[in-house]
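Heavy-atom basis, side chains included; hydrogens, waters and symmetry copies ignored.
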Amino acid sequence: MSEAYNHAEIEERWTKEWEKNPVNPYDETKPKYYCLDMFPYPSANGLHVGHWRGYVISDVWSRYMLMKGHYLIHPMGWDAFGLPAENYAIKMGIHPAVSTAENVKNIKRQINQIAAIYDWDREVNTTDPEFYRWTQWIFVQMFKKGLAYEKEMPINWCPSCKTGLANEEVVNGKCERCGADVTKKNLKQWMLKITAYADRLLEGLDGLDWPEKVKKMQSDWIGRSYGAEVDFKVDGRDETITVYTTRPDTLFGATFMVLAPEHELSADLATEETREAVEKYIADAANKSNVDRLQNKEKTGVFTGSYALNPLNGAKIPIWLSDYVLADYGTGAIMCVPAHDDRDFEFAKKFDIPIIQVISKDGKEHGELTEAYTAAEGIMINSGEWNGMESAKLKTEAPHIIEKKGLGHAKKNYKLRDWVFSRQRYWGEPIPIIHCPKCGCVSVPEEELPLLLPDVEKYEPTGTGESPLAAIDSWVNCKCPECGADAKRETNTMPQWAGSSWYFLRYVDNKNDRELVNREQADKYLPVDMYIGGVEHAVLHLLYSRFYTKFLYDIGVVGFEEPFKKLFNQGMVTGKNGVKMSKSLGNVISPDDLVRDYGCDSLRMYELFVGPPELDSEWDDRGIDGVYRFLSKFWNLCMDNIDRNAPETPELKTLRSQLTDTITKRLNAFSLNTVVSGFMEFNNRLGKISAESGVDRETLKTYVFLLAPFAPHIAEELFHRLGGTGSVFSQSWPEADAAALVEETREIAVQVNGKMRGKITIAVDADEATAIAAAKEAAGKWITDNIIKQIYVPGKIVNIVCK
RNA sequence: GCCGGCGUGGCGGAAUUGGCAGACGCCCGGGACUUAAAAUCCCGUGGGAUUAUAUCCCGUACCGGUUCGACCCCGGUCGCCGGCACCA
């Protein structure tokens with residue numbers, strides 16, 4: 001009886017050995033490969049099997065790159081500032097610094113169970129003053145370049161988290177973190193001018209090897225459009241109202257104008273008769289929450305009593321107010337062409353406003369429109385000097401025509417807004433700004449960074465719009481670094497995204513106390529080659545990181561504009577019926593027990609086997625038995641054959657190359673679930689050969705090498721039992737023998753009238769006559785005398801069509 | 001509403017992108033070993049018909065099309081998931 005697979009003993013042995021002698025040799029002579037995980041925030045709940053998946057995927061890929069001969073960078077750190085950590089700390093009554101440190105310890109223990117080859121000497125923590133010193137430094141640089149500025153305006157406010165939020169953090173009118181309805185609050189805020197990078201953020205997407213879905217989400221979020229700003233005079237008054245339109249070609253069809261209720265002229269345009277209704281409408285709109293305004297699709301509006309003049313033909317059009325026009329996009333005012341816009345059409349129908357068609361497919365009018373014709377395809381009509389022109393062409397030319405006539409100008413617009421960067425919370429990086437009564441806003445001198453987050457007794461959010469830091473007089477009161485006058489510190493902190501927007505740069509030079517990152521180190525090891533994480537950061541973290549990187553490129557800190565060359569989004573692991581794992585639902589599956597019962601190697605492989613890595617997968621504990629059985633069987637196969645000295649037959653040589661070829665191809669395609677099934681399939685085939693004539697050591701070795709990134713412990717153990725020295729991870733990735741892969745004969749299917757009727761084994765390059773003859777023999781009983789057609793696709797199929 | 005993605009056995013999922021549908025695994029059933037159980041090993045396992053070692057029919061959400069041949073391509077319908085949601 002040979003020795004059975006003992007995962008506990010094997011894994012314990014190699015965990016200790018790898019601690020002493022890490023398998024990543026950091027060989028500087030090899031080309032670098034930087035494989036990055038989205039770093040976790042140290043939650044008190046620890047990791048569940050879903051978190052494991054992403055880390056396993058990145059570790060498999062990292063170990064593969066190592067064996068392919070790279071200098072591997074595979075770091076890990078902690079995104080430890082921010083709301084989740086702070087909310088937990090408040091709930092438990094423990095200082096966030098204390099709870100964060102505890103959670104880091106626990107999650108690090110769990111992450112080590114994965115046996116991932118992280119570079120722990122590169123570890124970073126966003127709450128470490130030596131780290132956030134540079135987070136603050138970046139802010140100071142942005143401030144100096146005018147990209148960080150202070151502004152008072154109504155911003156998104158979460159009444160539950162008691163802090164302002166960025167647009168990106170509001171999902172369907174609700175707080176991205178806690179789900180509470182977001183309201184508006186007028187606050188003086190620090191803003192980052194991400195809009196200055198809108199074009200570069202949009203155009204940079206083209207060259208990225210990212211999922212199309214994520215690129216599209218970012219491009220939609222940036223939302224660039226081309227059009228014109230057109231000036232309309234108000235009839236009988238001095239004011240001019242400027243509107244933004246992407247369809248200046250339809251200008252002759254404008255039959256009314258709508259202003260957002262918040263527009264600065266809204267109240268002013270009311271006449272005596274309309275004043276009461278206008279003021280009521282404005283007040284009602286101001287009281288509506290975001291959610292109400294989003295949900296109420298039925299158009300409402302009020303006529304101001306004033307008229308605007310169409311700049312092209314002087315037509316008098318009524319000016320309305322309606323909350324379907326957004327105050328903070330474009331100019332907050334639009335010209336309305338009901339014939340060619342769905343929303344304007346709906347509004348005109350409801351309030352009985354004339355509809356003038358100006359584009360027609362055939363250049364003719366065919367009675368009243370039943371719906372808006374929104375395509376820019378057709379011939380202009382009812383449009384004065386533009387009649388007869390093609391609308392598509394006019395659409396691009398009109399902005400310039402309007403500009404030449406002095407009626408407005410061509411204009412690009414974006415949905416992207418500047419980034420609301422202040423948080424009225426305690427657990428974040430203090431914004432390094434001093435408010436001086438004489439000099440205004442002054443940045444904290446760089447040599448005084450980090451500006452330490454002071455210790456406080458009360459770190460609960462105040463809800464007043466001020467951060468808890470505002471209550472610490474000794475900290476707030478300071479001298480102006482410019483003029484020495486009594487001054488006050490900024491008391492808001494940065495959002496959680498601040499640290500995560502650049503942490504990946506710090507990994508490559510994490511102990512540098514003079515610069516964010518040494519330029520030489522940055523040039524050598526950056527950018528990130530492979531970034532692995534969930535899709536939930538598609539527009540948040542990933543957009544912010546790209547913005548930061550472009551800024552740091554502009555000031556010469558790094559020499560590249562895009563931080564992440566390739567992105568992979570792993571799917572979520574859910575509980576039964578696709579329900580998200582959560583503590584409150586009690587469906588969280590902890591990896592700890594599974595590691596104990598089945599071992600790390602089995603859990604790693606099952607995490608991959610459970611489904612395609614990019615799709616969500618339902619966790620089913622039972623499936624792990626199959627993977628465990630497979631590893632046991634493979635272990636037994638090796639035990640049975642190690643000292644058997646079975647000959648290396650041509651069959652085994654071919655099989656070994658097929659295995660290498662299959663696994664490598666699937667791995668390269670990131671089809672990790674089929675890699676695992678591939679291993680199983682070949683294991684079954686080898687089992688049969690083993691029972692008959694034995695398996696040679698070379699084949700076993702090849703198998704062990706290929707298995708190593710997936711099940712590192714068992715592979716390392718078997719590598720040594722097969723006589724290997726050093727580590728299996730310093731071995732080269734096997735290459736398939738092309739000659740052994742060439743088949744001479746192949747079994748192909750025979751179809752009659754498209755139905756499978758038999759199989760023949762013939763030479764791969766057999767000629768048609770031979771193939772057809774063989775096929776007729778194999779499937780003769782289905783073939784009649786009346787053959788209409790015979791098809792032979794070499795190496796694939798024969799199909800005989802008969803009546 | 002708009003834009004993506006998806007729909008294959010009891011279940012998770014394969015199918016080299018137009019060429020043997022259901023690989024691999026789970027579950028389940030039968031058998032071997034055992035005093036017995038667990039573990040392990042072997043066999044079976046899409047549905048149906050039938051005179052059952054054989055043979056035939058149906059089958060990749062649904063309807064239709066292209067093709068010698070369709071899970072794959074085209075047109076339409078339904079359903080699920082995700083993103084955006086008055087951005088003029």
Side-chain angles (χ1 to χ4, degrees), chain A residues 4 171-173 211-214 216-217 220-221 223-225 227 243-248 250 254 258 293-297 299 322-326 328-337 340-344 346-347 374 413-417 535-536 538-539 571-572 576 578 605-606 609-612 614-627 629-630 632-633 636 661-662 665-666 669 671 673-684 687 691 747-759 781 788-793 795-802:
Chain A
V171 180
N172 291 328
E212 285 307 316
K213 181 186 166 182
V214 176
K216 187 164 186 314
M217 279 167 76
D220 285 352
W221 189 261
R224 183 166 70 186
S225 67
V243 303
Y244 172 70
T245 177
T246 56
R247 297 296 302 277
T250 63
V258 176
R293 212 161 145 167
L294 283 170
Q295 273 167 358
N296 188 9
K297 295 280 183 171
K299 299 260 180 299
S322 175
D323 65 4
Y324 84 88
V325 174
L326 304 175
D328 59 352
Y329 180 78
T331 62
I334 60 169
M335 67 171 209
C336 299
V337 185
H340 304 287
D341 181 278
D342 291 324
R343 295 149 303 181
D344 298 348
E346 188 193 334
F347 195 87
T374 57
N413 245 322
Y414 305 90
K415 291 190 201 177
L416 183 71
R417 297 293 129 79
V535 75
E536 65 272 17
V539 284
M572 215 170 35
K576 264 274 150 261
M605 292 200 86
Y606 185 57
F609 190 54
V610 73
E614 71 280 8
L615 299 183
D616 292 352
S617 301
E618 275 180 39
W619 188 265
D620 181 355
D621 264 348
R622 285 178 302 193
I624 195 171
D625 285 311
V627 176
R629 281 175 204 143
F630 151 68
S632 301
K633 281 190 235 175
N636 293 336
D661 187 55
T662 302
K665 269 187 188 152
R666 293 181 181 180
S671 180
N673 53 326
T674 62
V675 167
V676 178
S677 62
F679 275 125
M680 290 172 169
E681 199 185 326
F682 278 90
N683 195 41
N684 293 342
E747 190 179 61
I748 68 170
V750 177
Q751 290 184 343
V752 179
N753 292 331
K755 282 189 178 157
M756 233 291 287
R757 294 301 188 188
K759 289 173 190 175
K781 65 188 276 197
I788 298 162
K789 203 168 182 178
Q790 306 178 124
I791 293 127
Y792 168 53
V793 184
K796 299 259 186 190
I797 205 159
V798 177
N799 190 11
I800 292 169
V801 186
C802 57

**Item:** Contact letters for nucleotides 3-20 of chain B, in which S counts primed atoms plus P, OP1 and OP2 and B counts the base, heavy atoms under 4.0 Å
**Value:** S--------BSS----BB

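- Ring-plane geometry between Y324(A) and F347(A) is classed as tilted, the angle between the planes lying from 30 to 60 degrees on a 0 to 90 degree scale.
- Of the candidate nucleotides rC24(B), rC68(B), rC86(B), rC68(B) has the atom nearest to the side chain of V801(A).
- Rounded to whole Å, the distance from CE on M572(A) to P on rC81(B) is 12 Å.
- In terms of the side chain to side chain contact (heavy atoms under 4.5 Å, CB included) criterion, residue partners of T374(A) (sequence neighbours excluded) are, by chain and number, D342(A), A372(A).
- The P atoms of rC43(B) and rC24(B) are separated by 12 Å, rounded to the nearest whole Å.
- Here the separation of rA23(B) from rG46(B), taken at their P atoms, is 8 Å to the nearest Å.
- Residues meeting the side chain to side chain contact (heavy atoms under 4.5 Å, CB included) test with V539(A), sequence neighbours left out: M217(A), Q218(A), W221(A).
- As rounded to the nearest Å, rG31(B) and rG22(B) have P atoms that lie 28 Å from one another.
- Residue D344(A) is out of contact with every strand shown, counting any heavy-atom pair closer than 4.0 Å.
- Between rC42(B) and rC26(B), the distance separating the two P atoms is 12 Å to the nearest Å.
- The nearest pair of heavy atoms linking D344(A) to M335(A) is OD2-O, 4.0 Å.
- Listed pair Y324(A) / rA88(B) fails the phosphate criterion, with no side-chain N or O lying under 4.0 Å from OP1 or OP2.
- Minimum interatomic distance between S617(A) and P612(A) (heavy atoms only, all atoms of both residues): OG-O, 4.4 Å.
- rU17(B) adopts a syn glycosidic conformation, its chi angle falling within 90° of 0.
- Counting only Watson-Crick and G-U wobble pairs whose two key distances fall under 3.5 Å, RNA chain B forms stems of three or more stacked pairs at B:1-7 with B:78-84, B:10-12 with B:24-26, B:28-32 with B:40-44, B:46-49 with B:55-58, B:61-65 with B:73-77.
- Nucleotide rA52(B) carries a syn base; the chi torsion (O4'-C1'-N9-C4 or O4'-C1'-N1-C2) is within 90° of 0.
- Atom CZ in F630(A) sits roughly 18 Å away from atom C1' in rU40(B) (whole-Å rounding).
- The distance between atom CD1 of I624(A) and atom P of rC27(B), rounded to the nearest whole Å, is 13 Å.
- In terms of phosphate contacts, N684(A) brings no side-chain nitrogen or oxygen within less than 4.0 Å of OP1 or OP2 of rA23(B).
- When the P atom is compared between rG64(B) and rC71(B), the two are found 15 Å apart, to the nearest whole Å.
- Toward the 5′ end of RNA chain B lies the nearest nucleotide of R629(A), the other residue of the pair R629(A) and G330(A) mapping further downstream.
- When every heavy atom of Y606(A) is checked against every heavy atom of W619(A), the shortest pair comes out as CD2-CH2, 3.5 Å.
- Using a 4.5 Å heavy-atom cutoff, the side chains of Y329(A) and I334(A) are not in contact.
- Nucleotides of RNA chain B nearest to R247(A) and K789(A) differ in position, and the one nearer the 5' end is that of K789(A).
- For Q790(A), the side-chain hydrogen bond (donor to acceptor under 3.5 Å, both in side chains) test picks out K776(A), with sequence neighbours left out.
- In this structure, rG83(B) shows a glycosidic angle more than 90 degrees from zero, which is the anti conformation.
- For K415(A), the side-chain hydrogen bond (donor to acceptor under 3.5 Å, both in side chains) test picks out no residue, with sequence neighbours left out.
- Taking atom CD1 of I800(A) as the reference point, atom P of rG69(B) lies 15 Å away to the nearest angstrom.
- Residues D328(A) and R417(A) are paired through a salt bridge, judged by an N-O separation under 4.0 Å between the basic side chain and the carboxylate.
- Counting non-hydrogen atoms under 4.0 angstrom, R417(A) reaches a base of the nucleic acid.
- On the P atoms, rG9(B) is 14 Å away from rA14(B), given to the nearest whole Å.
- Across all strands, S225(A) comes closer than 4.0 Å only to sugar-phosphate atoms, never to a base (heavy-atom distances).
- Atom CZ in R224(A) sits roughly 21 Å away from atom P in rC84(B) (whole-Å rounding).
- The separation between Y414(A) atom OH and rA88(B) atom P is 13 Å, rounded to whole Å.
- Distance, D341(A) CG to rC2(B) P: 15 Å, rounded to whole Å.
- Only the P atoms considered, rA37(B) is 11 Å distant from rA32(B), to the nearest whole Å.
- The same atom, P, is picked in rA38(B) and in rC27(B); the two are 13 Å apart, to the nearest Å.
- Minimum interatomic distance between I748(A) and K796(A) (heavy atoms only, all atoms of both residues): CB-O, 3.5 Å.
- Atoms NZ (K415(A)) and P (rA88(B)) sit 7 Å apart, rounded to a whole Å.
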